[in-house]
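In what follows, a structure is listed as structure tokens, so that the remarks can point back to it.
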Amino acid sequence: MCGSGLVEAVDCLLQQGFIDFTGMTTDEKAGDFQLADGVFLTLADIREFQLAKAAIATGISFLLKYSGIRMEDLTRVYVTGGLGNHLNVDKIKRLGLLSQVPSDRFLVLPNAALWGCKLSLTGQDTAGWKDILQRLVYCPLETAAEFQDFYCEHLFFPYECESAVENIF
């Protein structure tokens, strides 16, 4: 299953109440979710998605914190690559990535890596790249004191926790 398909499936399971904000099933008897003939989504798949989402969100949180920028202040969020071309921004926001950024601030760039390579190889916009390289700061996430706190904060889905908790107990 592709990444954008995984986003669609997890969002659908949450919206339909088959899983709760923790990523666990709301039906004790439920196991794998059949999405199509021969295509199943397991609770382990959902957990892996949550771990990846938490890692991405943690990286974004660190970037913003160390640059002194608030999420609400972002004027543009560029999404690229195969995932970005088919990603439903509203769904990924509902799942907990960049949820405070208005949807109209997202811009999809179909192949930014190739575009950047072309600019670099042809010598175009070298002043812009040199400026970026001079401002780069190395920030190792794994040794940062707040890493675990940020990571845990982003692990669950940001749904109405109170009603989801009632479904668990």
Q) Any donor and acceptor pair, going by atom type alone, linking the side chain of T25 with main-chain N or O of I19 inside 3.5 Å? A) no

Q: Let me see the working for M71 and L98 under side-chain contact (heavy atoms from CB on, under 4.5 Å), right down to the final yes or no.
A: CA-CA 7 Å; M71 183 100 49; L98 299 162; 3.3 Å; yes

Q | Gap between atom CD1 of I69 and atom CD1 of I60 - 0.5 Å precision | A | 12.5 Å

Q: Taking only Lys NZ, Arg NE, NH1 and NH2, and the carboxylate oxygens of Asp or Glu, determine whether D131 and R135 approach each other closer than 4.0 Å.
A: yes

**Q.** Check: D11 side chain, L14 main-chain N or O, donor-acceptor pair, under 3.5 Å
**A.** no

Q: Please round to the nearest 0.5 Å and tell me the distance separating atom CG of L141 and atom CG of L63.
A: 7.5 Å

(Q) Are the side chains of N88 and E8 in contact, using a 4.5 Å heavy-atom criterion? (A) yes

Q: Report the C-alpha distance between T42 and D32 in whole Å, list the side-chain angles of each, state the deciding distance to 0.1 Å, and finish with yes or no for side chain to side chain donor-acceptor pair (under 3.5 Å).
A: CA-CA 4 Å; T42 68; D32 298 346; 4.9 Å; no

Q: Apply the test side-chain contact (heavy atoms from CB on, under 4.5 Å) to residues L87 and F106: give CA-CA distance (whole Å), side-chain angles for both, the deciding distance (0.1 Å), then the verdict.
A: CA-CA 11 Å; L87 189 66; F106 286 80; over 6 Å; no

Q.
Measuring from atom CG of L41 to atom CD1 of I46, what distance do you get when rounded to the nearest 0.5 angstrom?
A. 4.5 Å

Q) Rounded to the nearest 0.5 Å, how far does SG of C139 lie from NZ of K65? A) 9.5 Å

Q) Would you say the ring centroid of F21 lies under 6.0 angstrom from that of F156? A) yes

Q) Distance from S99 atom OG to D90 atom CG, nearest 0.5 Å? A) 11.5 Å

(Q) Within the 4.5 Å heavy-atom criterion, are L95 and F49 side-chain neighbours or not? (A) yes

Q. When clusters are formed from ILVMFWY side-chain contacts under 4.5 Å, directly or step by step, what else is grouped with Y78?
A. L107, L109

Q) Going through the distances and angles, do L13 and V10 end up as a side-chain contact (heavy atoms from CB on, under 4.5 Å)? A) CA-CA 5 Å; L13 292 173; V10 171; 5.5 Å; no

Q. Applying side chain to side chain donor-acceptor pair (under 3.5 Å), which residue pairs with at least one partner in residues 104-113 are found, sequence neighbours left out?
A. none

Q.
Has Q50 got a side-chain atom pairing as donor or acceptor with T22's backbone, closer than 3.5 angstrom?
A. yes

Q: Taking all non-hydrogen atoms of both residues into account, name the closest pair between G96 and A57 and its distance.
A: O-CB, 4.5 Å

Q. Does F33 have its ring centroid less than 6.0 Å away from the ring centroid of F40?
A. no

Q) Taking the side chain as C-beta and beyond, is there a heavy-atom pair between Q100 and K93 under 4.5 Å? A) no

Q. If you round to the nearest 0.5 Å, how far is CG of L97 from CD1 of I56?
A. 6.0 Å

Q: Quick one: closest heavy-atom pair of A55 and Y151, and the distance?
A: N-CE1, 3.6 Å

**Q.** Hydrophobic cluster membership, L43 vs L35, 4.5 Å side-chain cutoff
**A.** yes

Q) With sequence neighbours left out, which residue pairs that include part of residues 51-61 fulfil the side chain to side chain donor-acceptor pair (under 3.5 Å) condition? A) S61-H154

Q: Kindly determine whether F157 and R94 satisfy side-chain contact (heavy atoms from CB on, under 4.5 Å), including the steps that lead there.
A: CA-CA 8 Å; F157 299 116; R94 269 200 312 259; over 6 Å; no

